[in-house]
Amino acid sequence: TAYTNPASLGGNKYKIYINAVGVGFNVMNDYVSWGAPFTARQFLNNKVPSQYQDSTGNVPFKSSYLNQNLNGKNKNLYIETEIRGPAIMYRITKKTAVSFSSRSRIGINISNVSENLAKLAVNGVDTTGLSTSSNITVGSNLDNLKLRTSALAFQEYAFSFGKQFLEIKSFRIKFGVTAKFLVGNAYAYAQGDNIDFKINGIDSVRVNDASFRYGYSDLEKFSNFTPKSLLPSLNGDYGFGWDAGAIIEYDPKATDKLTSKKSNYLFRFGLSIIDRGSIKFKNNATNFAVKAKAPFTFIADSAAEAAFKNGAASEEAKQYVDSIVTSHFDVTKSSEVNYRLPSMLSIQFDYNIFKSFYVGAILYQDIRGIDIEKVTLHRPSQVVLLPRFESGIIEASIPIVLGGDYKVLQAGGFIRVGPVFAGSDNLKALLTQENFYGINTYFGISQGIGRNKDKKKKKEKSSAQAFAKQNIMPF
């Protein structure tokens, strides 16, 4: 799609292509896997067996329901939700098309966090005194800790242009660009190195050294998330972004009898850069760069309990944290931040094996990296293999994904019937109780109108639709 490579608009076979709506949700990590005695689907649908419910019918989620990957390496977590649409593509000429699209996005990531800090977050402090590989006990010294967290909620309004510029014998070359107007709704981040503290007790820590940066605005949009949080809004901060890409298609006449008449190539290769740009936050933006003045002891007393009574994103909690910081740290404060989008390099390949059978692949490689001096949302790299079948109004594929920065392997399923499509890149998470490190699902409605007829070759499938199976919701 144009979301992955705007060059796919060039030479489009539809006069008009409409995306009514698309919704996606994705969670991926490399630290904890599902180990509960019921499936994630049962948990999400409130159909957990009664023996795991309390007297009120709720399901107390225990840390024992999570299997921990303890390998001494830093840990990562990525969460995303997205609503796409409305979007429309219009073909100006046979070789040129434009599109307008809108989408709302929320991303949360934790990158390169020290394993000890991850253990503390999942298990808390163990007061039994029994030391194991998975717990942090009273008296433990945690030093040289790393922390990278970020969250971003924003809307994107995009105008795309794609054109088939050249046709040399059996080759077609296409280029495309997308210009984006970005509306930032909320952000948060915290990042630091060499954080050093000692666990004095279940409610007390001795901070020996700490140097880090953090900032936030409108945190309630993350903590009090509802579907309304993803609806378009113009009441935020602003920024600009862009995508650009190129596609080469090969369509030799010699293979006409072997390939499907519903595509217009034997194979295609695409290269694109997506999500370049940034949003400058000024409204209600608070940012700190801090360094501990001297070692100090923090105790989670009644004042802390009262401050966090309404949640970590409440105004009381923010004021309490800021007061602790200003008391014990040298502080540099700023009222704006330039938040960079999670830029990626994407490489796409698709091959028509025989008639209605295809195999494709798509790579998303992070090109932002993790820089403590810059604020950005880090999206994990991944590669997807896409064997698929296309026939008439029915399409199906089995995406095989190596995600989480190429650390987690999973398999999913996709189906389209007419204009309606649905799928998941991790069916195992929805159907079984076996170990898995994430959950992913998406669905939507889209339809092309007014096919461009070719008397010599009745090739019906548009370039945009051919790419729709290549990771429908890549965020």
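Quick note: numbers below take in every heavy atom, side chains included, and nothing from hydrogens, waters or symmetry partners. What you are looking at is a predicted structure, and each value in this text was computed from that prediction instead of being measured. Along the sequence shown, residues are numbered consecutively beginning with 1.
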Can you find a heavy atom in the side chain of [X] that is under 4.5 Å from one in the side chain of [Y]?
X    : Y    : result
R105 : D275 : yes
N283 : S217 : no
S8   : M89  : no
D30  : K75  : yes
Y65  : P37  : yes
V375 : Y187 : no
F25  : I439 : yes
R276 : I367 : yes

Mutual orientation of the aromatic rings belonging to [X] and [Y] [parallel < 30°, tilted 30-60°, perpendicular > 60°]:
X    : Y    : result
F43  : F38  : parallel
F288 : Y216 : tilted
Y238 : F181 : parallel

- prompt: Taking only residues two or more places apart in sequence or in another chain, which ones pass side chain to side chain contact (heavy atoms under 4.5 Å, CB included) with I110?
  reply: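 Per chain and number, I110 pairs via side chain to side chain contact (heavy atoms under 4.5 Å, CB included) with L77, V113, T149.
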
field: For F159, all residues meeting side chain to side chain contact (heavy atoms under 4.5 Å, CB included), sequence neighbours excluded
entry: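 F159 satisfies side chain to side chain contact (heavy atoms under 4.5 Å, CB included) with V98 once adjacent residues are dropped.
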
Flag, side chain of [X] to backbone of [Y], donor-acceptor distance under 3.5 Å:
X    : Y    : result
N69  : V32  : no
E115 : N71  : yes
R148 : G192 : yes
S397 : P387 : no
S211 : K291 : no
D203 : I299 : no
S346 : L363 : yes
N426 : G412 : no
R368 : L341 : yes

- prompt: Is the centre of the F212 ring less than 6.0 Å from the centre of the Y189 ring?
  reply: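 Between Y189 and F212, which both carry aromatic rings, the centre distance is not below 6.0 Å.
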
Quick check on [X]: does its [atom1] atom have over 12 non-hydrogen neighbours (other residues, nucleotides or ligands) under 6.0 Å away?
X    : atom1 : answer
K293 : NZ    : yes
E305 : CD    : no
L402 : CG    : yes
K146 : NZ    : no
K407 : NZ    : yes

- prompt: Between E336 and K280, is the closest basic N to carboxylate O distance under 4.0 Å?
  reply: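 Salt bridge flag = yes for E336 with K280.
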
message: For K119 versus Y31, what's the shortest heavy-atom pair and its separation?
response: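 Scanning both residues completely, I find the closest heavy atoms to be CG-OH, 3.1 Å.
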
message: side chain to side chain contact (heavy atoms under 4.5 Å, CB included), that's the test. Do Y442 and D425 meet it? Break it down for me.
response: CA-CA 9 Å; Y442 53 84; D425 288 344; 4.0 Å; yes

message: Out of the candidates L145, V207, N208, N144, only one should pair with D196 under the side chain to side chain contact (heavy atoms under 4.5 Å, CB included) rule; please name it.
response: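 Per the side chain to side chain contact (heavy atoms under 4.5 Å, CB included) rule, the option paired with D196 is N208, out of L145, V207, N208, N144.
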
